[in-house]
Number of protein chains: 2
Amino acid sequence: MAPQHPQLALDAQLCFPLYAATRAVTRTYADLLEPSGLTYPQYLTMLALWDAGSPVSVSALGARLRLDSGTLTPLLKRLEAAGRIVRRRDPADERRVLVSCTQEGWALREQVADVPLRLAGAMGLERDEAERLRADLGRLLAHLDG
Amino acid sequence: MAPQHPQLALDAQLCFPLYAATRAVTRTYADLLEPSGLTYPQYLTMLALWDAGSPVSVSALGARLRLDSGTLTPLLKRLEAAGRIVRRRDPADERRVLVSCTQEGWALREQVADVPLRLAGAMGLERDEAERLRADLGRLLAHLDG
DNA sequence: GACAATTAGATTGTGCGCAATAAAGTTGCG
DNA sequence: CGCAACTTTATTGCGCACAATCTAATTGTC
């Protein structure tokens, strides 16, 4: 149907499987995370917080997750309303807001500890295949985002 | 910082580079598509329409793009408001809505014909690397979405 | 010490993505 | 025919993403 522009065929695009696979993974996470009450971006945010060891500033969190404050602020407010985190101004620099896990936030870790393994199962990729995909995506990300 | 749960480290996840790379690709497309006035999902929708040869029902379009009507309907309304497509009820089955490209919609094709090549350049992947990534993502998608 | 430039977050507005529900049309079965 | 089950699309509500803009606090420079 696209004789003059074969490069515009949906199946020829890298972007489309990337886009569709991301949404499929998000849906799969939604099921696995449902008991914990976390959304997928909230789960990634908690991973980043656990990684960093709280407290962390909003901008540091945003740099790690590559999200800006317009996305993070309402997300963090929902996590705070749910009792998972606390936000407070940094006394040393009142422009900064420091985010810390609550005890309840740390406890979530135990609850989601099995999620990565269950996800890996649902994705149906061999270990080396998954590792290659992760490496390829990391390279792509590094090139696009600097 | 995560001694008891190394599998929860952000860098150990496949999901995070997938998530971040998708948003990075979306931002890159936003720049390339800006002159055409299309968003990235609108661009994919136009690709699917050109592929199929219009008219196509909303459900057929949704199956191809793996999007439901809650996402497609407002998106299609915006494309219609911009004069790129037309929506009308199928006379043979009044439940169905058929989507067709306008002349202006077909003309957009010429305007975005160079986008895939320019995108490939921005992504900085070798041809075989990109092809491998596409195949891996396709396999992942097939497994998750059936 | 004053003041411009910079930095950190918050706010606003637009556009997805999807679950849940509603509304309208079609089909199948007695 | 009559009507329940099903299919298809639209609507509603919530949660991201992100650009643009705003406010407040800090830093550098003289």
Side-chain angles (χ1 to χ4, degrees), chain A residues 15-16 18-31 33-34 37-46 55-63 65-82 87-99 144-145, chain B residues 15 18-31 33-34 37-46 55-63 65-82 84 87-99 144-145:
Chain A
C15 63
F16 178 62
L18 181 62
Y19 170 78
T22 295
R23 284 182 293 112
V25 167
T26 300
R27 283 191 294 270
T28 307
Y29 268 107
D31 294 339
L33 293 174
E34 199 274 325
L38 291 173
T39 66
Y40 178 51
Q42 288 172 7
Y43 167 72
L44 291 174
T45 302
M46 294 306 293
V56 192
S57 74
V58 171
S59 58
L61 211 49
L65 294 167
R66 297 175 187 271
L67 290 171
D68 75 359
S69 71
T71 302
L72 269 181
T73 295
L75 186 155
L76 293 174
K77 282 182 175 175
R78 283 185 286 269
L79 284 177
E80 186 174 40
R87 300 183 315 138
R88 64 170 201 284
R89 290 280 167 186
D90 183 349
D93 182 344
E94 294 271 340
R95 292 173 306 178
R96 301 162 69 84
V97 170
L98 298 178
V99 180
L144 286 177
D145 268 10
Chain B
C15 63
L18 180 63
Y19 169 77
T22 296
R23 283 182 294 113
V25 168
T26 300
R27 284 192 293 269
T28 306
Y29 269 107
D31 293 339
L33 292 174
E34 199 274 326
L38 292 173
T39 66
Y40 176 52
Q42 287 172 6
Y43 167 73
L44 291 174
T45 301
M46 293 307 293
V56 193
S57 72
V58 173
S59 59
L61 210 50
L65 294 168
R66 298 177 187 271
L67 290 173
D68 76 358
S69 72
T71 301
L72 271 180
T73 296
L75 186 155
L76 293 173
K77 283 183 175 175
R78 283 185 285 269
L79 284 175
E80 187 175 40
R84 275 76 189 259
R87 299 182 317 137
R88 64 171 201 283
R89 291 277 168 187
D90 183 348
D93 182 345
E94 295 268 341
R95 293 171 306 178
R96 301 162 68 85
V97 169
L98 298 177
V99 181
L144 286 177
D145 267 8

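Throughout, protein chains are lettered first and strands after them, A, B, ... in sequence-line order, and every chain is numbered starting at 1.
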Just to confirm, is there a sub-4.0 Å distance from OP1 or OP2 of [N] to any side-chain nitrogen or oxygen of [X]?
X: A/Lys77; N: D/dC16; answer: no
X: A/Arg78; N: D/dC16; answer: yes
X: B/Arg87; N: D/dA10; answer: yes
X: B/Thr73; N: D/dA10; answer: yes

TODO: By nearest nucleotide on DNA chain C, pick out whichever of A/Leu98 and A/Tyr19 is the more 5' one.
DONE: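 Counting from the 5' end, the first nearest nucleotide belongs to A/Leu98.
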
- [ ] For A/Leu76 and for A/Arg27, locate the closest nucleotide of DNA chain C by heavy-atom distance; then report the residue assigned to the nucleotide nearer the 5' terminus.
- [x] A/Leu76

Is it true that a side-chain atom of [X] and a backbone atom of [Y] form a donor plus acceptor pair closer than 3.5 Å?
X: B/Arg66; Y: A/Ala20; result: no
X: A/Thr39; Y: A/Gln42; result: yes
X: B/Glu80; Y: B/Lys77; result: no
X: B/Tyr29; Y: B/Tyr43; result: no

Which is true for [X] with a 4.0 Å heavy-atom rule: it touches a base, it touches only sugar-phosphate, or it touches nothing?
X: A/Ser57; answer: sugar-phosphate
X: A/Leu75; answer: sugar-phosphate
X: B/Ser59; answer: sugar-phosphate

Open item on the list: Nearest to the side chain of A/Thr39, heavy atoms from C-beta on, is which of D/dA10, D/dG15, D/dA25?
Closed with: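 Closest nucleotide to the A/Thr39 side chain: D/dG15.
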
TODO: Side chain of A/Asp93 only, please: which of D/dT8, D/dT11, D/dT26 is the nearest?
DONE: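 The nucleotide sitting nearest to the side chain is D/dT26.
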
Open item on the list: Rounded to the nearest 0.5 Å, what separates atom CG in A/Leu79 from atom CG in A/Leu76?
Closed with: 6.0 Å

Open item on the list: Do B/Met46 and B/Leu38 have side chains that approach each other closer than 4.5 Å (heavy atoms only, starting at C-beta)?
Closed with: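 In short, these two side chains touch, coming nearer than 4.5 Å.
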
Task: Of B/Pro74 and B/Arg23, the one whose closest DNA chain D nucleotide lies more 5' - done: B/Pro74

TODO: Could you pick out which residue, A/Arg66 or B/Thr71, lies toward the 5' side of DNA chain D when each is mapped onto its nearest nucleotide?
DONE: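 First, find each residue's nearest nucleotide; the 5'-ward one identifies B/Thr71.
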
Open item on the list: Should the side chain of B/Arg96 and the base of D/dT8 be counted as holding a donor-acceptor pair, with the cut-off at 3.5 Å?
Closed with: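 When only heavy-atom distances are counted, B/Arg96 does not reach the base of D/dT8 through any donor-acceptor pair under 3.5 Å.
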
Open item on the list: When you measure from the centre of the six-membered ring of B/Tyr19, is the NZ or CZ of B/Arg23 closer than 6.0 Å and no more than 45° off the axis?
Closed with: yes

Open item on the list: I need the CZ-P distance between B/Arg88 and D/dA10, as an integer number of Å.
Closed with: 14 Å

Open item on the list: Below 4.0 Å from chain B heavy atoms, what is the first contacting nucleotide of DNA chain C and what is the last?
Closed with: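 The contacted stretch runs from C/dG15 to C/dT26.
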
